[in-house]
Amino acid sequence: MTSAGRFAPSPSGELHVGNLRTAVLAWLFAKSTARKFLLRVEDLDRARSGAEAEQLRDLEAIGVRWDAAVVRQTERTALYDDAIARLTAEGRTYECFCTRREIQEAPSAPHAPQGAYPGTCRELSHAEREIRRASRPASIRLRSDVAEWAVEDQLSGRFVGMVDDFVLRRNDGVTAYNLAVVVDDAEQGIDQVVRGDDLLPSTPRQAYLATLLGAPVPEYAHVPLVVNHDGVRLAKRDGAVTLGDLAAVGIPAKRVRNLILESLGLPAGPLEDALPFFDPERLPREPWVWKTPTG
Ligand code: GLU
């Protein structure tokens with residue numbers, strides 16, 4: 001199977017410079033290790049009509065190119081259902097009828113880490129499940145037999161994080177992100193995951209799930225985010241932060257690309273020309289503070 005890296009945006013709106021910088025990094029990591037680079041649209045949730053086309057256009061405008069047709073998660077439900085069916089056949093799932101509120105109010109299990117699912121529905125009897133099914137659709141949770149799992153991150157080193165009985169399929173029938181991402185990375189031959197370091201805490205769950213599904217655990221590199229002048233993760237409300245906004249104040253896509261490259265200690269110009277200079281060891285480990293340049 002191919003060896004590949006990827007960028008996997010959620011088409012919830014336009015990409016901002018933080019998202020674009022992560023995409024550039026994912027491309028650099030993949031290309032500098034002779035991998036293919038794939039683009040996957042994570043449209044199971046939060047999709048806004050038209051956003052995918054804008055995102056692809058903006059990635060191309062800064063020179064990010066992908067090596068195969070774009071994959072969309074909404075077209076891959078059968079793969080997710082199949083993975084859940086396999087886990088279910090192994091006794092590794094259960095139905096959960098809890099509302100968010102019930103989870104918040106439930107006494108947590110002894111020694112359970114904060115935020116872990118308290119296990120309310122884990123041991124329901126057949127009869128109890130029948131009763132609950134009549135009143136509410138169930139979500140499907142993983143019956144995890146570990147409390148934490150370790151991953152190795154190329155930038156952060158060893159990271160140990162919580163693994164609880166996390167949701168695989170929501171009670172509205174939508175596949176949960178943690179399941180979809182693991183199934184897709186395995187099925188697409190993605191063995192290198194580069195993404196924002198806000199996602200590091202979910203990585204142990206994903207690595208554990210990959211192991212249960214018999215899939216290889218990819219290499220991980222969680223990269224620093226872009227922040228505003230208050231040190232808070234960049235968001236649309238921080239002024240001109242998308243290519244569209246920046247173009248409107250006289251800053252073209254190529255200049256944004258160059259600013260991103262400079263923030264990574266790389267020479268301005270086409271991404272291909274920066275590639276020979278890319279060295280993950282020398283990447284800045286601090287968040288990049290974005291200041292909208294003057295036109
Ligand atoms: N779709 C996720 C996001 O845009 C990224 C998931 C991933 O890279 O694994 O935040």
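We count ligands from 1, going down the list as the structure has it; atoms in each ligand are counted the same way.
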CA sep, side-chain torsions, deciding dist, call: Phe37, Phe7, ring pair (Phe, Tyr, Trp, His ring centres under 6.0 Å):
CA-CA 8 Å; Phe37 183 68; Phe7 183 60; 7.3 Å; no
contact_flag Phe7 ligand 1 heavy-atom lt 4.0 Å:
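Phe7: no contact with ligand 1 (<4.0 Å).
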Below 4.0 angstrom, N of the basic side chain to O of the carboxylate: do Arg40 and Glu42 qualify?
yes
Which of the atoms of ligand 1 are close to [X], meaning less than 4.0 Å from one of its heavy atoms?
X	answer
Ser10	1 (N), 2 (C), 3 (C), 4 (O)
Arg6	7 (C), 8 (O), 9 (O)
Arg195	7 (C), 8 (O), 9 (O)
Val181	9 (O)
Glu42	1 (N), 2 (C), 5 (C), 6 (C)

Please tell me whether Tyr208 and Asn178 have a donor and an acceptor in their side chains that are separated by less than 3.5 angstrom.
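No - no donor-acceptor pair under 3.5 Å links their side chains.
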Looking only at side chains, do Thr203 and Arg195 share a donor and an acceptor under 3.5 Å apart?
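A donor-acceptor contact under 3.5 Å links the two side chains.
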Is the shortest N/O to N/O distance between Ala8 and ligand 1 below 3.5 Å?
yes
Can you find an N/O atom of Arg46 closer than 3.5 Å to an N/O atom of ligand 1?
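Looking only at distances, the answer is no, because the N/O contact criterion of under 3.5 Å is not met.
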Any side-chain heavy atom of Glu60 within less than 4.5 Å of one from Trp66?
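Contact flag for Glu60/Trp66 side chains = yes.
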Please assess Ile62 against Val24 for the test side chain to side chain contact (heavy atoms under 4.5 Å, CB included), listing each intermediate value before the final yes or no.
CA-CA 8 Å; Ile62 57 161; Val24 166; 3.7 Å; yes
At under 4.0 Å between heavy atoms, which part of Leu199 makes contact with ligand 1: side chain, backbone, both or neither?
side chain
List the steps and the verdict of side-chain hydrogen bond (donor to acceptor under 3.5 Å, both in side chains) for Gln73 and Asp43.
CA-CA 6 Å; Gln73 289 189 322; Asp43 56 352; over 6 Å; no
